[in-house]
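Below is one structure, written out as structure tokens; the observations come after it.
Every number for a ligand or one of its atoms is a count from 1 in the order of the listing.
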Amino acid sequence: MERYYQPEIETLPYEKIREIQNEKIVKQVKHVYENVAYYRNLMDEKGVKPEDIKSVDDIKKLPFLTKADLREAYPYGLLGTDLKNCVRIQSTSGTTGKRVVAFYTQHDIDLWEDCCARAIVAAGGTNEDVCQVCYGYGLFTGGPGLNGGSHKVGCLTLPMSSGNTDRQIQFMMDLNATILCCTPSYAAYIGETLAEKGYKPEDNKLKAGIFGAEPWTEEMRREIEKSLGIKAYDIYGLTETSGPGVAFECSEQRGMHINEDHFYAEIIDPETGEVLPEGEKGELVFTSLDKEAFPLLRYRTRDICVLTREKCSCGRTHVRMSKPMGRSDDMMIIRGVNVFPSQIETVLLNEGYTPNYQIVVDRENNSDTLDIYVELSADQFSDKMAETQKREKVLTDAMRAMLGIGPKIHLVAPKTIVRSEGKAVRVIDKRKLHD
Ligand code: ADP
Ligand code: ZN
């Protein structure tokens with residue numbers, strides 16, 4: 001039987017969710033206009049007044065906020081309340097440049113932890129579970145968010161933080177962890193290390209994993225589920241909106257339910273900013289409906305995905321987002337062709353390789369180059385040149401069929417590509433160094 005953390009909200013009919021959103025947005029816009037001078041200026045420039053926003057349908061009248069705004073307003077410019085009301089600061093992991101800091105009141109922390117608790121219960125968590133959190137703790141939102149959610153559910157929480165994989169495994173086995181929370185790349189690494197230590201997937205007590213904070217493919221999901229003997233659930237979020245738990249997967253594993261009572265989602269055309277109808281692919285934009293300290297309106301995430309309101313068998317009514325296929329700024333333009341790292345990962349795992357790879361893009365004689373370093377497993381590794389060359393050719397052809405351009409494949413020896421304990425660095429774009 002499906003269980004929910006807050007059934008009365010999670011299964012609320014759509015019209016009722018809408019009513020809640022309409023009520024909250026009116027208050028939130030007023031709150032922001034009165035307290036955040038930076039955003040008030042943007043609204044004034046656009047000629048929008050708080051009274052113009054009567055329901056979520058009017059959100060499209062509001063100006064967007066971008067990461068550039070966050071940097072410009074750093075550190076206090078988007079604060080929605082007195083600092084004395086704030087109890088916490090978190091910061092982005094800085095994947096794509098200067099860090100952003102976000103502020104939280106106790107109310108904001110509470111609703112964030114509720115969102116994470118919903119995700120843990122959706123993955124089957126109860127107060128009988130032992131939840132091992134190996135997302136990084138500290139400024140990064142992963143550890144604190146899942147830690148708080150785990151407490152709310154009543155799980156016995158193991159606040160491991162990331163790293164020290166031997167200790168992770170020792171505690172996982174000795175203390176019978178049943179739920180694992182970390183990035184998918186770290187989950188794959190833990191799975192690999194367990195196997196090396198001679199454990200079989202059925203030797204651990206894990207039943208579920210809650211993995212997010214970076215893009216991962218369905219192929220990667222199957223790989224992790226196999227190596228750990230679990231069901232792997234996706235979780236999505238970003239520091240700007242609070243952290244992980246903005247959206248999470250249910251037993252259906254077909255898209256993540258967005259916590260719509262707290263976050264209003266839109267999909268826009270990233271070029272024109274126009275709102276796209278349900279089912280179309282575009283950039284995800286969030287409006288936080290009830291955050292006090294860092295109340296961003298129409299924040300452009302740069303994550304590309306699709307929304308659907310199709311009925312979900314789990315009984316949750318909140319809109320679902322597809323796995324983001326990467327950020328718009330993850331997309332590489334190589335010899336004029338758009339390439340996403342996720343496409344490369346799909347080909348690699350389909351062709352039977354491990355998820356240990358690195359993509360290097362460079363420019364030589366005014367032409368882009370794409371090199372993919374792929375690690376062989378011990379059974380794939382061969383010292384026969386002819387065999388390796390044959391493998392490289394097969395993989396190059398499969399890549400060309402998927403990407404439309406042919407990369408140079410380098411098959412490298414086992415254990416030569418560095419493993420990730422947090423967000424994996426998949427792409428090194430050397431072209432940026434030359435500019
Ligand atoms: P940074 O921008 O420094 O990485 P965050 O740690 O706040 O800062 O990361 C948020 C971003 O991480 C999201 O905008 C998204 O691109 C990515 N992300 C988070 N969860 C997922 C997920 N489940 N699938 C794909 N990408 C994700
Ligand atoms: Zn569902």
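In this structure, K415 places its NZ atom where more than 12 heavy-atom neighbours from other residues, nucleotides or ligands lie under 6.0 Å away. Enclosure of atom CD in E271 is not indicated, since only 12 or fewer non-hydrogen atoms of other residues, nucleotides or ligands lie within 6.0 angstrom.
Considering only non-hydrogen atoms, atom 8 (O) of ligand 1 lies nearest to T92 out of T92, I210, L139. Taking only non-hydrogen atoms, the option from K323, E214, R302, K423 nearest to atom 12 (O) of ligand 1 is K423.
Using a 4.0 Å cut-off to heavy atoms of G212, the atoms of ligand 1 that qualify are 23 (N). Near D234, the atoms of ligand 1 lying under 4.0 angstrom from a non-hydrogen atom of the residue are 22 (C), 23 (N). Every atom of ligand 1 with a heavy atom of T239 under 4.0 Å away is listed here by number and element: 5 (P), 6 (O), 7 (O). Interface atoms of ligand 1 facing A213, defined by a heavy-atom separation under 4.0 Å, are 12 (O), 17 (C), 18 (N), 19 (C), 20 (N), 21 (C), 27 (C). Per-residue contacts place K67 under 4.0 angstrom from the following atoms of ligand 1 (heavy atoms of the residue considered): 2 (O).
Not one N or O of F140 is nearer than 3.5 Å to an N or O of ligand 1, by distance alone. Considering backbone and side-chain N/O of W216, none are found under 3.5 Å from N/O of ligand 1. Ligand 1 has a nitrogen or oxygen under 3.5 angstrom from a nitrogen or oxygen of I235.
Angle NE2(H257) to the Zn ion (ligand 2) to SG(C312), rounded to 10°: 110°.
Taking CG of D69 as the reference point, atom CG of L42 lies at 6.0 Å (rounded to 0.5 Å). Atom OH of Y264 and atom OG of S288 lie 14.0 Å apart (nearest 0.5 Å).
A salt bridge links R316 with E2: the closest approach of a Lys/Arg side-chain nitrogen to an acidic carboxylate oxygen falls below 4.0 angstrom. Ion pairing between a basic and an acidic side chain is recognised when a charged N comes within 4.0 Å of a carboxylate O; E218 and R221 show such pairing. For R300 and E283, the salt-bridge test passes: some basic side-chain N is under 4.0 Å from an acidic carboxylate O. Under the 4.0 Å criterion applied to side-chain N and carboxylate O atoms, D368 and R363 are assigned as salt-bridge partners.
Residue L238 touches ligand 1 through backbone and side chain together, judged by heavy-atom distances below 4.0 Å. Here Q90 has no heavy atoms under 4.0 Å from ligand 1, in either its backbone or its side chain.
By the 30° and 60° cut-offs, the orientation of the rings of Y104 relative to W112 is parallel.
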